[in-house]
Amino acid sequence: MTPARGTVALVAPSGPWRDEDLRAGLELLSEIGRPTRFFASREEEASEDYLAASDDERARSIEAALADDAVDLLWAIRGGYGALRLLPKLDLDAFARQPKPVLGLSDVSLLLNAITR
C-alpha cells in the first residue's frame, strides 16, 4: 500500500500558534514529502483574545479543511481551551461523509470524541 501524500491541513480549534512552535514539525513534514496548508491564524493575527479566531471562524476553517479534496489529514496544531465551544457549530456529519484522520491533543480530545461518536 502506498503511503498517503496528500496535504496536511493545519487547523487551530483552540488557541493561535507561533512560527517557532511549529518549525520542527513543518520541517519533518517537508522532509517526508507532505505538503501543508494552514487553516488557522497565527498568534499575531488572532482576533479573539487567547483563541485563534472567533468560534464561527474556527469552525469554518475546520470544515474548509475537511472539504478540501487535496487534504487527507487534519492536524490540530494547538490544544488548550476553545475546541469545546466549536461542537454546536461544526457539521459533525461532514466527518462521516468525508472521513479524514484528525490529530490533536488536550482540548482537541473533545472534538475527536464527538467525531467518533
Side-chain angles (χ1 to χ4, degrees):
M1 186 162 106
T2 305
R5 292 285 178 218
T7 299
V8 175
L10 301 168
V11 297
S14 301
W17 56 276
R18 296 174 301 186
D19 290 337
E20 60 268 18
D21 293 337
L22 298 180
R23 190 167 293 122
L26 292 174
E27 287 173 5
L28 176 62
L29 289 170
S30 177
E31 287 173 16
I32 64 172
R34 294 300 300 262
T36 57
R37 179 167 171 219
F38 286 94
F39 291 81
S41 298
R42 286 180 171 88
E43 188 168 56
E44 302 81 38
E45 300 166 346
S47 61
E48 297 293 319
D49 296 322
Y50 53 87
L51 298 172
S54 71
D55 294 348
D56 289 334
E57 290 171 305
R58 288 179 291 121
R60 281 194 309 269
S61 69
I62 290 170
E63 290 176 346
L66 187 62
D68 188 324
D69 290 334
V71 168
D72 69 359
L73 172 71
L74 281 69
W75 190 347
I77 54 180
R78 286 268 328 258
Y81 176 75
L84 173 65
R85 295 169 41 160
L86 302 184
L87 291 180
K89 297 181 177 297
L90 284 171
D91 176 10
L92 295 175
D93 292 333
F95 289 92
R97 292 189 303 271
Q98 297 175 290
K100 296 177 184 180
V102 178
L103 298 176
L105 55 96
S106 185
D107 194 37
V108 178
S109 298
L110 298 165
L111 291 178
L112 296 173
N113 287 330
I115 292 165
T116 302
R117 187 172 39 91

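All heavy atoms count here, side chains included; hydrogens, waters and symmetry mates do not. Note that this is a predicted model, so its numbers are computed, not measured.
Looking only at side-chain heavy atoms (C-beta outward), L22 and W75 stay at 4.5 Å or farther from each other. Counting heavy atoms from C-beta on, the side chains of R34 and D72 come closer than 4.5 Å.
R58 contributes a side-chain N or O that, together with a main-chain N or O of P13, makes up a donor-acceptor pair within less than 3.5 Å. Side-chain atoms of R78 never come within 3.5 Å of backbone atoms of S14 as a donor-acceptor pair (strictly under, hydrogens ignored). A distance-only check finds no donor-acceptor pair linking the side chain of D68 to the backbone of A64 [under 3.5 Å].
Ring geometry, Y50 versus Y81: the interplanar angle falls from 30° to 60°, so the pair is classed tilted.
The distance from the CG atom of L29 to the CG atom of L10 is 7.0 Å, given to the nearest 0.5 Å. Taking CZ from R85 and OG from S54, the interatomic distance works out to 9.0 Å, rounded to the nearest 0.5 Å.
Residue L105 is not grouped with residue W17 when hydrophobic side chains (ILVMFWY) are merged at heavy-atom distances under 4.5 angstrom, including chains of intermediate members.
Listed by chain and residue number, nothing satisfies the salt bridge (charged side-chain N to carboxylate O under 4.0 Å, His left out) test with E31 (two or more places apart in sequence, or in another chain).
Listed by first and then second residue, the side chain to side chain donor-acceptor pair (under 3.5 Å) pairs involving residues 86-101 are D56-K89, D91-R97 (not counting sequence neighbours).
In this structure, L66 shares a hydrophobic cluster with V11, F39, I62, V71, L74, L84, L86, L87, L90, L92, F95, V102, V108, L110, L111, L112, I115, the cluster being traced through Ile, Leu, Val, Met, Phe, Trp and Tyr side chains under 4.5 angstrom apart.
Nearest approach of G79 to S106, heavy atoms of both residues: CA-CB, 3.9 Å. Closest approach of I77 and A12 over heavy atoms only: CG1-CB, 4.4 Å.
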